[in-house]
Amino acid sequence: MQITDGKISIPVPALFSFQECLHFLDRGYDDCLYSIGDGYVIKPLEIGGKKQLIRIKEGTNSLEVEMLNEKPEPLILQLVGRWVEDWFDLNRDLTLFYKLLDEHAQLSFMVENFRGLRLMGIPNLFEALCWCVIGQQINLTFAHRLKRRLVETYGTAISYQGQPYYYFPKPEVLAELDVEQLKTLQFSRQKAEYTIGIATAFARGELSKDKVKSQPSSEQMLQKLQRIRGVGKWTANYVLMKSLARMDCIPYGDSGLNTAVASFLKLDRKPTQQEVNNFFAPFNGWESYLVIYLWRTLS
DNA sequence: TTCCAGGCAGTAG
DNA sequence: CTACTGCATGGA
């Protein structure tokens with residue numbers, strides 16, 4: 001990572017495609033927590049309690065990060081750079097995963113077709129959990145609408161060139177809400193209760209990214225997460241993958257995953273958990289990436 | 001109209 | 001243990 005003149009230049013690894021990553025972020029959904037333009041993404045993020053707004057473009061074998069709202073000191077720039085590396089999962093060598101894909105009779109086409117697609121993270125665990133609750137069992141268009149209402153109502157924003165850029169609401173804010181307030185945003189009673197419960201757990205310090213991280217194994221991380229009401233097997237696996245960058249997660253029950261696996265196995269029904277496990281077996285240690293690539297086949 | 005979406009908890013057997 | 005049900009809305 002190089003920092004010169006208030007800008008950050010991050011070298012990208014082999015098997016990286018900015019275009020594939022942007023495609024993932026775009027996908028036709030209206031997301032309120034970043035903004036995609038032609039060849040760039042603008043993202044608001046908080047570093048050390050300070051609100052930053054960054055624009056990420058592609059350079060020559062690099063990502064170029066520009067600070068849009070202020071010119072912070074080099075230490076902060078360093079942290080912003082690390083955050084971007086985290087978001088795009090840049091510090092991962094995908095050679096082995098690609099070798100496994102290449103050896104696979106049905107999936108080897110992904111090596112060329114999806115080349116360089118990375119696991120785009122949701123570094124904020126609280127946000128990731130809320131997003132799962134919102135997305136549970138409803139169509140993604142409506143899920144994005146619900147998220148937008150939550151963020152625009154209870155989040156904070158900064159303005160850049162006349163446009164507001166929103167930060168996800170703080171747990172302390174959502175923890176103070178009552179169910180009826182979220183129901184006016186068209187949350188179901190259940191989604192409202194789960195969201196407030198998760199916010200309360202974070203606000204009280206019962207749950208945090210560090211607390212989940214400190215568990216010795218993925219299995220125990222899953223168990224810690226699933227103790228929270230509203231967090232089941234699907235959500236726990238999803239957030240371990242997206243927020244903690246664990247590589248061995250399969251969000252069992254995911255309808256998109258079921259659709260993709262059923263299609264490769266030529267089933268006219270949902271695959272059983274055993275069939276999903278068998279399908280994933282050759283990708284031991286790379287399950288999360290395979291999930292991302294299977295979802296990619298659907299869009 | 002009915003069915004089902006990037007599920008989950010609660011209950012019954 | 002498995003099977004079923006309510007939840008909320010919108011698109012196919």
Side-chain angles (χ1 to χ4, degrees), chain A residues 23-34 114 117-122 124-150 153 168 177-201 207 222-246 249-264 267-276 279-280 287-299:
Chain A
H23 174 269
F24 172 84
L25 292 177
D26 215 8
R27 281 181 302 169
Y29 293 113
D30 174 34
D31 199 290
C32 55
L33 293 177
Y34 50 78
F114 306 156
L117 172 62
R118 296 264 155 176
L119 198 171
M120 297 299 297
I122 305 177
N124 178 344
L125 176 62
F126 176 59
E127 175 193 328
L129 283 166
C130 292
W131 172 234
C132 284
V133 166
I134 289 170
Q136 280 167 11
Q137 193 57 17
I138 55 175
N139 66 74
L140 280 176
T141 309
F142 182 58
H144 277 88
R145 198 177 303 161
L146 281 184
K147 181 168 92 167
R148 176 176 288 281
R149 290 192 192 128
L150 182 74
T153 308
F168 196 78
L177 302 182
D178 55 56
V179 169
E180 297 307 318
Q181 286 173 285
L182 288 179
K183 283 190 75 178
T184 66
L185 305 184
Q186 282 184 289
F187 277 59
S188 66
R189 171 164 301 278
Q190 213 169 33
K191 286 188 195 307
E193 287 172 1
Y194 295 167
T195 302
I196 293 168
I198 291 166
T200 304
L207 187 63
L222 290 173
Q223 282 175 15
K224 174 147 188 75
L225 287 165
Q226 288 185 75
R227 279 203 287 272
I228 311 279
R229 200 161 157 266
V231 178
K233 203 183 332 185
W234 177 82
T235 298
N237 276 288
Y238 184 93
V239 301
L240 275 201
M241 171 171 122
K242 297 282 283 186
S243 202
L244 290 113
R246 303 291 295 185
C249 303
I250 305 174
Y252 294 104
D254 180 88
S255 71
L257 182 62
N258 282 339
T259 303
V261 172
S263 140
F264 284 112
L267 303 173
D268 55 3
R269 52 168 175 82
K270 283 194 308 190
T272 64
Q273 184 165 322
Q274 189 56 53
E275 285 168 330
V276 172
F279 188 77
F280 274 77
E287 289 86 349
S288 304
Y289 258 91
L290 184 56
V291 170
I292 295 296
Y293 277 58
L294 288 172
W295 279 338
R296 176 68 178 80
T297 65
L298 306 172
S299 63

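All of these numbers come straight from a predicted model, not from anything done at the bench. Each chain gets a letter, A, B and so on, in the order its sequence line appears, and its residues count up from 1.
Summarising the geometry, the separation between CH2 on W234(A) and P on dA9(B) is reported as 13 Å, rounded to the nearest angstrom. Straight-line distance from the CZ atom of R269(A) to the C1' atom of dC4(B): 19 Å, rounded to whole Å. Atoms CG (L225(A)) and P (dC8(B)) sit 11 Å apart, rounded to a whole Å. Rounded to whole Å, the distance from CD on Q136(A) to P on dT9(C) is 16 Å. In this structure, N258(A) atom CG and dA5(B) atom P are separated by 9 Å, rounded to whole Å. dG7(B) atom P lies 16 Å from atom OH of Y252(A), rounded to whole Å. Between R229(A) atom CZ and dC7(C) atom P there is a gap of 14 Å when expressed in whole angstrom units. I134(A) places its CD1 atom 15 Å from the P atom of dG10(C), with the value rounded to the nearest Å.
Among the protein residues, L185(A) comes within range of no part of the nucleic acid, since none of its heavy atoms lies under 4.0 Å from any strand. Residue V231(A) is in sugar-phosphate contact alone, with no base atom involved, counting any heavy-atom pair closer than 4.0 Å across all strands shown. Among the atoms of the strands shown, none is found under 4.0 Å from any heavy atom of K191(A).
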K147(A) vs D31(A), salt bridge (Lys or Arg N to Asp or Glu O under 4.0 Å): CA-CA, chis, key distance, verdict: CA-CA 8 Å; K147(A) 181 168 92 167; D31(A) 199 290; 3.0 Å; yes

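Scanning residues 288-299 of chain A for heavy-atom distances under 4.0 Å to DNA chain B yields W295(A). The stretch residues 137-147 of chain A touches DNA chain C through Q137(A), I138(A), N139(A), F142(A), R145(A), each having a heavy atom under 4.0 angstrom from the strand.
Here the shortest heavy-atom pairing between Y289(A) and L119(A) reads OH-N, 3.0 Å.
Under the 30°/60° scheme for interplanar angles, the aromatic rings of Y29(A) and H144(A) are found to lie parallel.
Checked by distance alone, Q190(A) brings a side-chain donor or acceptor within 3.5 Å of a matching partner on the base of dG7(B).
Under the 4.5 Å side-chain criterion, counting only non-hydrogen atoms from C-beta, V291(A) is not in contact with C249(A). A heavy-atom distance below 4.5 Å is not found between the side chains of T235(A) and L225(A). Under the 4.5 Å side-chain criterion, counting only non-hydrogen atoms from C-beta, L185(A) is in contact with L182(A). Residues F187(A) and I134(A) meet the side-chain proximity criterion, which asks for heavy atoms closer than 4.5 Å. Residues T153(A) and Q181(A) have side chains not in contact (no heavy-atom distance under 4.5 Å, counting atoms from C-beta outward).
For K233(A), there are no salt bridge (Lys or Arg N to Asp or Glu O under 4.0 Å) partners, not counting sequence neighbours.
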